[in-house]
Undergrad: 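I'd like to ask you about the structure that follows.
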Number of protein chains: 2
Amino acid sequence: MSLWVDVLGREGHRITRSRRAVMEVLADAQAPLSPQMICERGRKRHPSLGLVTVYRTLDLFEDLGLVMRVHHGAGCHGYVLSSPGHRHVVLCDGCGRAEEFVGADDLDGLIDRVEGHTGYRIDGHLLQLAGLCPVCQA
Amino acid sequence: MSLWVDVLGREGHRITRSRRAVMEVLADAQAPLSPQMICERGRKRHPSLGLVTVYRTLDLFEDLGLVMRVHHGAGCHGYVLSSPGHRHVVLCDGCGRAEEFVGADDLDGLIDRVEGHTGYRIDGHLLQLAGLCPVCQA
DNA sequence: CCGTTTATTGAAAGACATTTTCACTAGTCT
DNA sequence: AGACTAGTGAAAATGTCTTTCAATAAACGG
């Protein structure tokens, strides 16, 4: 069984058809999906899936770190799967594909410097890169 | 005259009471403001200011790089002034204050590495830090 | 395997947020 | 000052997200 099933079980949440549908849709997608899109695609797997449930499921999954929210320029409401430890994505301007990358380490230096300059105590960050994926460069 | 007046003029946009009101409200604010909030405060300066115009003005200002959109966890709809060259903000979890910082330089190394690993050609990024400002740490 | 318990669901209605439309207003240029 | 046209604001339309609540279906014990 996959990771998300374990995580839900461990936290005392049930494994339902709706949640499975949402998770599978996200696993199949290469690009961030809006709740609407997730609902639409999810209905192919679980026809009675409701939009309300998609919203609730995404909130839950986000809390559990199974999914992460991605911010576009306009309308910042996309979701992608997030593997544990990978907290950032690169988005392709061409095809919309989203890909995770590691590299929080490089931020530590920057964060230290900002703490020094501003006096803030930094405890969180949001980092997203955008560009063209190898395919779209052709 | 201030920078934004020049920028608008150069691009062939008019300097109107509405735009001036929006710009002044943002200049006075220390934290990101929602369109509603901007409209409300703007009406103290230009009573007939409409919410529709605030939306249009923010879009325009964002295109011109005069203003930047800030992303919260929930409901990512705040705007702050952006000085040229300063492209990032730290948000205070306590009081909501937003402060710009420089430090894109540190990202260059990270971006190079990600380009190497993923094959993407990176041409943009979104970086925001969150934490507690000096005041709120007390 | 079957019934019980209770988290989860989905439809409808509601609350906001954002966009479109269009007649009118007011910057800007001459 | 007058003409031209970008810009404005109210109303209505459209979207997005949340709340409510009776019905459903996971999970667990027998």
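Computed from a predicted structure; not experimentally measured. Both backbone and side-chain heavy atoms feed into the values below; hydrogens, waters and symmetry mates do not. Lettering of chains follows the sequences in order, A, B, ..., and the numbering in each one begins at 1.
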Undergrad: Between B:Asp112 and B:Ile122, is any pair of side-chain heavy atoms under 4.5 Å apart?
TA: no
Undergrad: So which heavy atom on A:Leu51 is nearest to which on A:Arg43, and how close?
TA: N-NH2, 4.5 Å
Undergrad: What's the CG-P distance between A:Leu58 and C:dT9, to the nearest Å?
TA: 12 Å
Undergrad: Give me the one residue out of A:Val67, A:Thr53, A:Thr57, A:Leu66 that meets side-chain contact (heavy atoms from CB on, under 4.5 Å) with A:Val22.
TA: A:Thr57
Undergrad: Begin with the C-alpha distance, continue with both residues' side-chain angles, and end with the deciding distance and a verdict on side chain to side chain donor-acceptor pair (under 3.5 Å) for A:His125 and B:His88.
TA: CA-CA 11 Å; A:His125 59 267; B:His88 309 110; over 6 Å; no
Undergrad: Expressed in angstrom and rounded to an integer, what is the separation of B:Arg19 atom CZ from C:dA26 atom C1'?
TA: 12 Å
Undergrad: Sub-3.5 Å donor-acceptor pair from the side chain of A:Arg121 to the main-chain atoms of B:Gly131, do we have one?
TA: no
Undergrad: What does A:Ser48 touch in the nucleic acid at a heavy-atom separation under 4.0 angstrom: a base, only the sugar-phosphate, or nothing?
TA: sugar-phosphate
Undergrad: Do B:Asp28 and B:Lys44 sit within salt-bridge range, that is, some charged N less than 4.0 Å from a carboxylate O?
TA: no
Undergrad: Looking for any heavy atom pair under 4.0 Å, which part of the strands does B:Thr16 touch: base, sugar-phosphate only, or nothing?
TA: sugar-phosphate
Undergrad: If you take all heavy atoms of B:Thr118 and A:Pro134, which pair is closest and at what distance?
TA: O-CG, 3.5 Å
Undergrad: CD1 of B:Ile38 versus C1' of C:dA17: gap in Å, rounded?
TA: 14 Å
Undergrad: Between A:His13 and C:dT8, is there a side-chain N or O to OP1/OP2 distance below 4.0 Å?
TA: yes
Undergrad: So which protein N/O to nucleotides 20-24 of chain C N/O distances come out below 3.5 Å?
TA:
none

Undergrad: Over how many whole Å does the gap from A:Leu49 atom CG to C:dT9 atom C1' extend?
TA: 10 Å
Undergrad: In whole angstrom, what separates A:Arg17's CZ from C:dA7's C1'?
TA: 17 Å
Undergrad: For A:Arg14 versus A:Arg19, what's the shortest heavy-atom pair and its separation?
TA: O-NH1, 2.7 Å
Undergrad: How many Å lie between OH on A:Tyr55 and C1' on C:dT9, as a whole number?
TA: 17 Å
Undergrad: Tell me the interatomic distance from A:Leu8, atom CG, to C:dT8, atom P, rounded to whole angstroms.
TA: 8 Å
Undergrad: A:Cys133 and B:Tyr120: which non-hydrogen atoms are nearest, and at how many Å?
TA: CB-CZ, 3.5 Å
Undergrad: Compare every heavy atom of B:Pro35 with every heavy atom of B:Val54, then report the nearest pair and how far apart it is.
TA: CG1-O, 3.7 Å
Undergrad: Give me the bend of the helix from C:dC1-D:dG30 to C:dT30-D:dA1, using the axes of the five pairs at each end, rounded to 10°.
TA: 50°
Undergrad: Looking at A:Leu26 and A:Tyr79, what are the two nearest heavy atoms and their distance?
TA: CD2-O, 3.6 Å
Undergrad: Describe the nucleic acid contact of A:Ile15 in one word from base, sugar-phosphate, nothing, applying a heavy-atom distance below 4.0 Å.
TA: sugar-phosphate
Undergrad: Using heavy-atom distances to pick each residue's nearest nucleotide on DNA chain C, tell me which of A:Leu51 and A:Leu60 is more 5'.
TA: A:Leu60
Undergrad: With the 4.5 Å side-chain cut-off for hydrophobic clustering, are A:Val114 and B:Leu132 part of the same group?
TA: no
Undergrad: Contact boundaries of DNA chain D with chain B (under 4.0 Å, heavy atoms), 5' to 3'?
TA: D:dT5 to D:dA11
